[in-house]
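Accompanying notes for the structure given below.
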Amino acid sequence: MKRALAVVTLLALTLPSLAFAQSGDEETKFDPSHEWELQTWGPELKIGPIDMSINKAVAYLILGTVCSILLGIVLMRVKPGRGPNRRQALGETIYEVAQVQVAEQGLPTKAIGRWFPYVATLMVFIWTINILGFIPLPLSDERWHVGGIGIPTFAIFAATSTLSVTLALALMTWVFTHYEGIRANGTVGYFKSWIPEVPKALLPMIIPLEILGQFMRLISLSVRLYANMLAGHLLILTFIGLIFLTHWAVFPLSVVAGTAFYLFEVVIVVSIQAYIFAALSAIYIGSAIEPEH
């Protein structure tokens with residue numbers, strides 16, 4: 001396992017380096033920000049102002065969806081009568097974290113049956129998308145040209161490091177939160193729950209702040225995940241770029257620092273961000289069902 005992790009880390013650091021070395025001119029080929037300039041794959045697909053074109057982020061989302069489904073099938077579907085094994089133990093651990101640490105901590109008991117599948121799926125899906133972002137895959141916009149044929153280079157990229165993706169995920173939770181609040185308390189009762197018990201003279205100031213706070217939930221959910229994943233990838237790609245931009249003596253420092261940040265992101269940040277997003281989603285939905293007065 002340690003050898004496999006070392007090989008993956010080495011590939012994650014060297015393959016994007018080769019892509020940088022093959023791309024563009026001297027001024028632009030080492031700019032990490034170019035990884036987030038999403039180019040359209042194939043023809044443009046637009047429905048009014050909405051751009052439905054396929055790009056790198058969409059490809060990672062599709063791959064993440066497939067991998068999440070396979071992960072659920074492989075880990076959760078266990079034939080009865082067989083003794084426990086590592087696969088079953090891992091599946092049970094994921095299920096227990098989703099139920100005990102996420103759903104039961106944020107949702108009222110009566111709502112767990114309805115919303116546990118959503119928050120559990122959200123946690124697994126975001127974790128899968130995050131971890132795929134640190135595996136070198138041939139889904140880059142850069143190309144190797146071999147015999148006139150453009151072959152995608154290997155690179156690391158996380159769909160959750162684009163604000164549009166995290167905003168869409170946060171928007172689902174935000175809509176479900178208010179839908180469930182209205183369903184459980186009625187329209188009038190739910191919106192009245194936003195107003196705390198304060199002197200009436202303070203209401204003109206408190207009500208706008210409470211409304212703003214509801215929209216801030218949408219921003220905080222999306223920006224937290226986006227900023228953490230973006231920062232991690234930028235740091236790793238920056239240390240890779242230093243290998244080419246500076247003196248050869250910086251090479252050991254760049255590799256060590258890049259490896260350290262890579263392992264920190266894979267081992268800690270990937271899982272924590274998936275957990276936080278799912279846990280906050282459960283808390284927001286739960287607080288809408290049983291608002292505090």
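Only this structure's heavy atoms are used, side chains among them; waters, hydrogens and symmetry mates stay out.
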ring-ring contact (aromatic ring centres under 6.0 Å, His included), that's the test. Do Phe116 and Tyr95 meet it? Break it down for me.
CA-CA 10 Å; Phe116 168 74; Tyr95 187 92; 5.2 Å; yes
Run the side chain to side chain contact (heavy atoms under 4.5 Å, CB included) check on Arg183 and Arg114 step by step: do they pass?
CA-CA 13 Å; Arg183 193 188 70 84; Arg114 174 185 291 267; 3.3 Å; yes
Run the side chain to side chain contact (heavy atoms under 4.5 Å, CB included) check on Leu167 and Tyr226 step by step: do they pass?
CA-CA 9 Å; Leu167 186 60; Tyr226 158 73; over 6 Å; no
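Open room surrounds CE on Met216; 12 or fewer heavy atoms of other groups in view lie less than 6.0 Å from it. Remark: Phe125 CZ is packed, more than 12 non-hydrogen atoms of other residues, nucleotides or ligands lying under 6.0 Å away.
For Gly91 against Met76, the heavy-atom pair with the smallest separation is O-CE, 3.4 Å. The minimum heavy-atom distance between Pro208 and Leu203, with the atom names listed, is CD-O, 4.0 Å. Nearest heavy-atom pair, Leu132 versus Leu137, reported as atom, atom and distance to 0.1 Å: O-CD1, 4.2 Å.
Looking only at atom types and distance, the side chain of Tyr118 has a donor-acceptor partner in the side chain of Thr173 under 3.5 Å away. Between Gln88 and Glu92, the side chains place a donor N or O and an acceptor N or O closer than 3.5 Å (distance only, hydrogens not considered).
Screening Ile219, Thr166, Leu280 for a side-chain contact (heavy atoms from CB on, under 4.5 Å) with Arg224, the sole residue that qualifies is Leu280. Tested against Phe157 for a side-chain contact (heavy atoms from CB on, under 4.5 Å), the candidates Leu139, Leu237, Thr162 yield a single pass: Thr162.
No continuous path of ILVMFWY side-chain contacts below 4.5 Å connects Ile94 to Val66, so the two sit in separate hydrophobic clusters.
Aromatic rings from Phe215 and Trp174 are positioned such that their centres are separated by under 6.0 Å.
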